[in-house]
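Both backbone and side-chain heavy atoms feed into the values below; hydrogens, waters and symmetry mates do not.
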Amino acid sequence: MPNIIKNIILSYNYLVLLYFLAICTIYLLLNILSFRNILRYNKKIHFIDLNRIFRLKNYKPISIIVPTYNEEMGIVESVKSLLQLEYPDFQVVVVNDGSQDNTLDKLFTNFGIRQVSFTPFYKLPSKPIGAIYISRDFPNLIVVDKENGGKADAINAGINIAKNPLIAVVDADSLLERDCLLKIARPFMEDDNVVAVGGTIRIANGCEIIQGHVAKVKLSHSWLVRFQVIEYLRAFLFGRNGLDALNSILIVSGAFSCFQRDALVKIGGYKVGSVGEDMEIIIRMHKVFRKENPKTKITFIPDPVCWTEVPATLKSLKSQRVRWQKGTIDGIRLHKDIFLNSKYGWLGLLGFPYYTLFEMLGPVVEISGYIVFIISFFLNLISPLFAVAFLTVAILYGVVLSILSVILEEISFKRYAKLGDLITLFAAAFIENFGYRQLVSWWRFLAIVEYVAGKRQWGDIEKKGFSHNN
Amino acid sequence: MSYILLHIIVYIIFILLCTVYLLILYVIDLRLYHDYLTRRQHKFEDQWEKAIFQYLQLRGDPEDFIKKVPSRKYLLLLELLRQFLLSLTGSEYEKIADLIKQKRIYDFLIKRLNSFRTNRVVTSAYFLGLAKIVKAKDLLIKKLDTDSQPVFISCATSLAQIDAVEVVEKILTRAESFKDLSRDSLLFILLEYKQDVCAPLLKLLSSKIPDYQKEAIVSLFRQFKYQESAPEVTKTLTKTQNIDLILECLRFIREIRYVEAHYVVNPMLDHKNPHVSVEAIKTIGKLGAGPLVDKIFSKLFDDNYEVQLAAAVTISQDIPSARDKLNKIAYNVNKERATSIARMVLSEIDLRRYA
Amino acid sequence: MDTIKKKILFAEDNESLTKIVLYMLGKEGYEVFHYPSGENVVSGVKEHKPDLILTDVMMPVKNGLTILKEIKEDPDTKDIPLIFLSSNNNDLSIQDGLDLGAADYILKPFSIEDLSARIKKQLNIK
């Protein structure tokens with residue numbers, strides 16, 4: 001074998017090692033930042049009784065927008081539980097995005113909705129609206145019936161008809177905590193520069209659920225779900241928390257997020273036809289608003305406020321991850337001028353490059369790393385001992401990070417009541433390294449390949465609708 | 001070379017393994033300790049709850065009661081009493097507070113109040129305030145000079161619960177030295193006072209204090225519907241440029257319907273900040289629109305949606321004479337936003353009537 | 001008081017408050033059905049046919065106002081007096097409750113004497 005190829009392979013190994021060291025450092029940094037953030041946040045919440053102050057405060061009314069597509073099974077329960085939320089003044093706007101099932105009929109029979117004659121207040125792009133209804137029993141429930149146009153389109157239609165200055169966007173199957181609106185509205189009231197706030201999402205699989213509320217938090221029996229629980233804890237408790245400290249959040253979860261209506265209207269609403277509209281809109285907000293007001297803030301609240309069912313089968317998990325990966329690429333590609341642009345502060349210098357190098361390109365490095373590693377191993381370029389040692393370090397470091405996020409959860413929110421659940425979570429943090437992680441990386445790698453090859457749309461099932469956990 | 005590298009890696013593995021081990025132990029320890037505390041509390045409650053009910057019913061002697069509780073269980077007792085103090089008022093509240101006033105418990109709390117540990121000081125101040133123990137007032141006042149924000153907030157809150165009106169000025173002055181003490185935190189403290197705190201605060205409103213404090217004070221006046229402050233609040237409104245303070249003053253004037261403020265509020269209809277216009281419209285609606293009906297009606301066609309909405313809602317609720325005109329706008333066939341807003345507001349009223 | 005025990009349905013999620021109220025109601029000789037959340041209150045009312053309903057406004061699953069609405073819609077239950085417990089003197093929800101036909105409301109924290117007097121008042125009227 002020519003020496004030059006050997007050298008290339010060897011240096012690629014070193015490159016991967018370097019990449020690995022960089023990601024370790026960044027994670028450590030994020031961890032420190034998020035520990036500081038959480039401790040400070042806890043102190044704040046501890047002292048102030050939200051409800052008491054709220055009565056006197058200039059709370060901003062909220063419109064909750066619920067885009068729905070073929071949700072006849074769960075829609076009534078969802079709406080009922082939304083109407084029970086604790087907040088002084090809010091309305092629920094259900095947008096029926098051209099469902100082919102009985103979603104609209106269900107709303108008719110259960111809430112006594114009747115047609116009203118008012119028209120949209122804003123002109124964000126969306127497919128034509130057929131009719132607008134108000135419930136007789138709940139004057140704060142509005143239903144918008146429109147032609148099918150996808151999730152972004154449906155949300156835009158909802159914004160056009162929403163009455164209140166804050167807009168919360170909620171998936172129809174999200175399970176919300178009773179005080180979630182009080183919590184998510186708070187950053188807006190403390191700081192006028194806040195344009196968007198994300199909520200922390202937790203996994204509802206395995207939990208006891210009564211009429212649209214999580215009654216008891218339990219860990220699922222499926223390992224596939226448990227791995228995702230660890231992933232979510234990591235992503236929210238230290239990933240987003242750390243990025244928040246740098247005001248570099250690039251995505252707020254579509255399952256529960258809140259915006260200033262004026263900000264949404266100003267940037268023209270959600271981008272219809274985008275793969276990952278949740279991420280795209282946040283990047284665009286950073287871009288537009290930070291230019292005119294460098295103090296603009298996009299933040300998130302670490303409290304677990306929203307619970308959602310995650311895919312419990314490999315097939316649906318794959319389609320979800322492929323979609324996410326394509327969304328990330330799309331968002332980054334559309335706004336690549338932020339990369340290393342100091343105009344955007346830490347976002348340009350650290351947050352955006354982080355997403356580009358590690359979130360977007362991570363799978364490429366990882367998968368090619370594995371391949372080259374195996375090749376070098378068989379070509380006797382690296383010693384087996386070295387290979388095993390290196391892999392052990394990689395895995396252990398990942399485990400430390402996962403455990404740190406469990407600790408964060410334990411000192412702040414303590415939602416898993418049983419000690420057994422905690423121990424299972426630790427076990428999951430170990431086991432996920434043998435198969436699960438590689439599988440997810442592989443799917444994301446495939447997504448990149450597909451994206452480059454030009455298949456930018458949603459997975460087949462999602463082409464029109466968006467009921468996301470099919 | 002590669003031997004050294006391997007050596008280093010093995011070291012790292014060893015360190016990481018230890019970290020994992022220690023971290024897991026730490027979490028489990030945390031959890032076990034927490035579980036132990038909860039179990040202990042439950043056990044104590046099962047044991048003593050009945051005794052407390054009996055004490056309440058038979059109007060028992062507080063000293064006798066406390067004597068029966070071993071001193072190492074005082075914290076558990078306090079936690080149990082806390083639930084009662086939070087849920088009850090009247091004579092039962094007094095009976096429970098009597099228990100905390102007993103010398104043994106009181107001394108226990110004071111000792112903790114003078115501790116170096118923030119946590120202890122905070123919980124101790126909390127109980128002294130919750131049970132309104134006037135005897136501890138001077139000690140709490142001394143604690144206001146602390147550098148720690150949590151200690152300050154808890155002691156100030158307790159003083160407010162004791163209704164120590166004479167220290168409210170000191171609380172405000174001391175609050176200034178904490179950089180990130182927000183309007184909310186201050187309001188949280190002041191809300192614990194009774195209505196008699198309004199008079200001294202009224203004097204402070206005209207003095208040189210930061211705007212966020214004025215804002216908190218005006219909110220508090222609104223909460224207590226403190227009529228006497230109306231002229232001073234109106235004066236504050238004329239003098240300030242601070243938007244938040246302006247909004248707060250307008251809300252106060254609206255809430256107590258202080259008609260004399262009309263001349264100050266009227267020009268604010270055209271304020272360049274839409275939030276101010278919105279509050280001004282709502283306020284004028286409540287004070288009586290009089291000659292301003294047309295002006296408010298014209299706000300239905302403002303550029304700002306919030307202003308338009310406020311005008312429509314105000315007309316529908318407070319200005320019957322303009323309702324016909326609002327109806328007419330609603331029947332327009334054009335697609336102006338004003339039409340849509342008018343229709344929405346009217347359909348909501350319609351539904352209320354229907355429901 | 002009547003020789004037959006009067007029945008009270010009591011819905012409240014706060015544990016310690018529940019204990020206190022249960023103790024007090026028991027002492028005064030009422031038969032009490034307690035519900036820790038709003039979930040089954042309405043069906044409980046139909047089942048037990050209480051003489052009085054005492055319910056918290058803010059509760060998991062179903063809040064007091066919704067419960068009130070549903071009880072007033074059913075001809076079988078609409079005449080049962082309902083007192084609600086409210087922790088925040090949020091004028092809006094109190095007014096809404098009274099508009100919907102609640103007999104009375106009590107602000108938390110309250111005194112046991114006050115609660116007892118209001119309950120007696122509602123039961124004597126009947």
Side-chain angles (χ1 to χ4, degrees), chain A residues 43-44 46-49 52-53 55-58 114 116-122 132 134-140 142 161 163-165 186 189-190 192 261-262 265 382-383 385-386 389-390 392-393 395-397 399-400 403-404 406-407 409-411 414 416 418-419 422-423 425-426 429-430, chain B residues 2 5-6 9-10 12-13 15-17 19-20 23-24 26-28 30-32 34-35 122 149-150 153-154 157 182-185 187-188 191 219-220 222-223 243-244 247-248 251 275 279 304-306 308-309 330 335 337 339-352 354-355:
Chain A
K43 229 178 220 165
K44 201 153 94 185
H46 191 74
F47 267 106
I48 309 284
D49 176 358
R52 286 201 54 167
I53 303 278
R55 253 185 308 126
L56 266 183
K57 281 202 69 156
N58 176 26
R114 20 175 244 159
V116 287
S117 62
F118 59 90
T119 46
F121 307 123
Y122 290 101
I132 298 169
I134 293 192
S135 155
R136 204 184 53 218
D137 307 325
F138 302 91
N140 59 336
I142 291 197
I161 212 74
K163 175 181 156 193
N164 296 326
R186 195 176 144 110
M189 272 165 264
E190 284 176 347
D192 285 336
R261 186 200 41 221
D262 292 349
V265 170
I382 44 176
S383 73
L385 203 60
F386 180 83
F390 179 72
T392 317
V393 170
I395 287 171
L396 279 180
Y397 191 73
V399 171
V400 169
I403 292 178
L404 281 176
V406 177
I407 291 186
E409 156 69 13
E410 190 63 14
I411 57 175
K414 218 178 242 140
Y416 289 96
K418 284 199 307 206
L419 182 64
L422 279 185
I423 292 172
L425 278 180
F426 291 141
F430 271 102
Chain B
S2 75
L5 197 64
L6 198 65
I9 291 184
V10 172
I12 296 177
I13 290 178
I15 292 169
L16 283 174
L17 267 177
T19 319
V20 168
L23 286 179
I24 291 184
Y26 173 67
V27 177
I28 292 180
L30 261 184
R31 172 52 68 94
L32 286 177
H34 174 260
D35 285 355
V122 169
Q149 185 170 318
I153 293 182
S154 59
T157 311
S182 62
R183 188 203 88 123
D184 281 5
S185 315
L187 188 56
F188 180 77
L191 269 173
S219 307
L220 195 75
R222 176 155 60 93
Q223 164 74 2
I243 298 293
D244 291 325
L247 296 176
E248 208 46 65
R251 276 182 222 122
H275 297 299
E279 289 298 331
N304 183 291
Y305 165 81
E306 298 299 337
Q308 293 180 290
L309 181 66
K335 291 213 163 159
R337 195 154 73 182
T339 301
S340 189
I341 289 175
R343 286 181 183 175
M344 173 174 72
V345 169
L346 290 171
S347 65
E348 279 179 3
I349 296 176
D350 219 36
L351 282 169
R352 291 244 159 79
Y354 196 80

*Residues in salt bridge (Lys or Arg N to Asp or Glu O under 4.0 Å) with Arg337(B), at least two apart?*
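Once residues adjacent in sequence are excluded, Arg337(B) has no partner under the salt bridge (Lys or Arg N to Asp or Glu O under 4.0 Å) criterion.
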
_I'd like to check the salt bridge (Lys or Arg N to Asp or Glu O under 4.0 Å) partners of Arg31(B); sequence neighbours left out, ordered by chain and number._
Glu410(A)

Under 4.5 Å from any heavy atom of chain B - which part of [X]:
X	value
Phe430(A)	side chain
Ile411(A)	side chain
Ile142(A)	neither
Tyr397(A)	both

*Answer yes when Glu306(B) and Arg261(A) have at least one side-chain N-carboxylate O distance shorter than 4.0 Å, and no when they do not.*
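The answer is yes: the pair qualifies as a salt bridge.
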
Compare every heavy atom of [Y] with every heavy atom of [X], then report the nearest pair and how far apart it is.
X	Y	result
Ile13(B)	Leu396(A)	O-CD1, 3.8 Å
Pro120(A)	Ser340(B)	O-OG, 4.1 Å
Ala389(A)	Leu6(B)	CB-CD1, 4.2 Å

Residue pair [X] / [Y], side-chain heavy-atom distance below 4.5 Å:
X	Y	result
Ile28(B)	Leu422(A)	no
Lys163(A)	Leu309(B)	yes
Val345(B)	Phe118(A)	no

*Top of Asp262(A), Leu419(A), Ile395(A) for chain B proximity - count of heavy-atom pairs under 4.5 angstrom*: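 The residue among Asp262(A), Leu419(A), Ile395(A) with the greatest pair count is Leu419(A).
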
*Heavy-atom distance under 4.5 Å to chain A: side chain of Leu17(B), backbone, both or neither?*
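Contact with chain A involves both backbone and side-chain atoms of Leu17(B).
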
_Contacting moiety of Leu23(B), where chain A heavy atoms sit under 4.5 Å_ =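 For Leu23(B), backbone and side chain are both near chain A.
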
*For the candidates Ile24(B), Thr19(B), Leu30(B), Val10(B), which exhibits the highest count of non-hydrogen atom pairs separated by less than 4.5 Å from chain A?*
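Winner by heavy-atom pair count: Ile24(B).
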
Using 0.5 Å steps for rounding, measure from the [atom1] atom of [X] to the [atom2] atom of [Y].
X	Y	atom1	atom2	value
Glu190(A)	Asp184(B)	CD	CG	6.0 Å
Leu404(A)	Tyr26(B)	CG	OH	10.5 Å
Phe121(A)	Met344(B)	CZ	CE	3.5 Å
Asp192(A)	His275(B)	CG	NE2	6.5 Å

*Lys414(A) atom NZ, neighbour heavy-atom count above 12 within 6.0 Å*: yes

